[in-house]
Peer 1: 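Okay, here's the structure, questions in a sec.
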Amino acid sequence: MRNPASEPNPGSESSNGGSASELRVFVRKKRGRKTIETQETKYEAEPLDQKLRGPPEIEEFGYKQVNGSFQSSEPPPNWEKVLEGIRKMRSTEDAPVDTMGCEKAGNSLPPKERRFAVLVSSLLSSQTKDNVTHGAIQRLLQNGLLAADTIDKADEATIKGLIYPVGFYTRKAANMKKIANICLMKYDGDIPSSLEELLLLPGIGPKMAHLVMNVGWNNVQGICVDTHVHRICNRLGWVSKSCTKQKTSTPEETREALQLWLPKEEWVPINPLLVGFGQTVCTPLRPNCGMCSVSDFCPSAFREISRSPSKSKRSSLSKKL
DNA sequence: CTCCGGACAA
DNA sequence: TTGTCCGGAG
């Protein structure tokens, strides 16, 4: 039943420190046309046949097929210790994090307006420092341009001016107009309530779509994976492409792999935790393994890979031109 | 100068 | 898979 390749699990005797009867159950639910895969943690062992006799739309599986290859659904050894260690580091460190800067945006607004503010905040916040995003949101709010109907009517240049200097403000201004129009036409000024529909909005990709589901709808459909989560999970050996040890190559692959074993109650907190950790300790370039309290558990610790020199050569060359 | 970063087109 | 968009920080 279990993936045989993942069966050897050295040092797993204490991997579930505490509840000995904990059982992780993977279920595939059908909702209308969609199939949603979720992971549920049971704290009391339950006969499997009882589960199988449940609603016919729920089926159990111990492994999942992704891109034609089997991925392990076994949690990596010591993941709880690692997570706890990172939490401790984060409680003393101070990172500029604040990934949920968008949740502040208009949390005094009525639900529909608040959700729209969350969507716009998410759009603006990508590749943008939080205080810059916040300023842009404030200016939009002051000008009454934080709702679908008003943005739809507003001039794109006006929006562009208000959101400056948010990163990629030109494209984002255009996307805001399109999004506002779509929300007005199709959703009565509200935002889409499903992941699939959010992904259809221009400028909204997987990372922001999950963020909006989490914060806007309080509906956790998946883990919000950004480059920090992607990088750190790979360094820790928490995710892999198949039963091989290959790193995942995209944040989406990381999300799929991580969701196979990470308990759902960690799906939301993992993002701010790892983002902060990634900004202070586990940085993309020259990670500070010396001050990392979980380096003993990290297969990548003290193994910095130097940047390819070709890039800097090319840069200094282009400087001459 | 170099680095950082989601979405998306090529 | 790579480059592009766009600023700001270091």
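In this text, all values refer to a predicted model and were calculated from it rather than measured experimentally. The sequence lines fix the lettering, A, B, ..., with proteins before strands; numbering per chain opens at 1. Side-chain atoms are counted along with the backbone in the values below, which use heavy atoms only and exclude waters and symmetry mates.
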Peer 1: Round to a whole Å and report the spacing from NE2 of H210(A) to C1' of dG6(B).
Peer 2: 15 Å
Peer 1: What integer distance in Å separates M176(A):CE from dC5(C):P?
Peer 2: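 In whole Å, dC5(C) P lies 22 Å from M176(A) CE.
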Peer 1: dC8(B) C1' sits how many Å from L199(A) CG, rounded?
Peer 2: 13 Å
Peer 1: Less than 3.5 Å apart, any donor N or O on the side chain of N78(A) or E80(A) sitting next to an acceptor on the other?
Peer 2: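 Checked: N78(A)/E80(A) side chains show no N/O donor-acceptor pair below 3.5 Å.
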Peer 1: Please report, rounded to the nearest Å, how far the C1' atom of dG5(B) is from the CG atom of L285(A).
Peer 2: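 L285(A) atom CG is separated from dG5(B) atom C1' by 15 Å.
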Peer 1: Is W79(A) reaching over with its side chain to a backbone N or O of L262(A), donor-acceptor style, under 3.5 angstrom?
Peer 2: no
Peer 1: Starting at CG of L123(A) and ending at P of dC8(B), how long is that distance when rounded to a whole Å?
Peer 2: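 Going from CG in L123(A) over to P in dC8(B) covers 10 Å.
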Peer 1: For T283(A) and G205(A), take the nucleotide of DNA chain B holding the closest heavy atom to each; which residue's nucleotide lies nearer the 5' end?
Peer 2: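 With T283(A) and G205(A) compared, the 5'-side residue is T283(A).
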Peer 1: In plain terms, say whether K81(A) and E84(A) are close enough for a salt bridge, that is, a side-chain N and a carboxylate O under 4.0 Å apart.
Peer 2: no
Peer 1: OP1, OP2 of dG6(B) versus side-chain N and O of T227(A): anything below 4.0 Å?
Peer 2: yes
Peer 1: Can you check the E252(A) CD to dG6(B) P distance for me, whole Å?
Peer 2: 13 Å
Peer 1: Residues in side-chain contact (heavy atoms from CB on, under 4.5 Å) with D149(A), at least two apart?
Peer 2: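 D149(A): side-chain contact (heavy atoms from CB on, under 4.5 Å) contacts with A147(A), L184(A).
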Peer 1: Find the distance L201(A):CG to dC8(B):C1' and express it as a whole number of Å.
Peer 2: 15 Å
Peer 1: Check this for me: does any side-chain nitrogen of one of R115(A) and D190(A) sit under 4.0 Å from a carboxylate oxygen of the other?
Peer 2: yes
Peer 1: Could you pull out all residues at least two apart from K160(A) that satisfy side-chain contact (heavy atoms from CB on, under 4.5 Å)?
Peer 2: Y169(A), T170(A), A173(A)
Peer 1: Working to the nearest 0.5 Å, report the span between NE2 of H210(A) and CD1 of I204(A).
Peer 2: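 Answer for the NE2-CD1 pair, H210(A) versus I204(A), is 12.5 Å.
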Peer 1: Should H228(A) be listed as having a side-chain N or O under 4.0 Å from OP1 or OP2 of dG5(B)?
Peer 2: yes
Peer 1: Without decimals, in angstroms, what is the distance between N271(A) CG and dG5(B) C1'?
Peer 2: 14 Å
Peer 1: Using a 4.0 Å heavy-atom cut-off across all strands, classify P284(A) as base, sugar-phosphate, or nothing.
Peer 2: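 The answer is sugar-phosphate, as P284(A) gets under 4.0 Å only of primed atoms, P, OP1 or OP2.
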Peer 1: Polar atoms only, N or O, under 3.5 Å: list the protein pairs with nucleotides 6-9 of chain C and their distances.
Peer 2:
| from | atom 1 | to | atom 2 | distance (Å) |
| --- | --- | --- | --- | --- |
| dC6(C) | OP1 | T170(A) | OG1 | 3.3 |
| dG7(C) | OP1 | Y169(A) | OH | 2.4 |

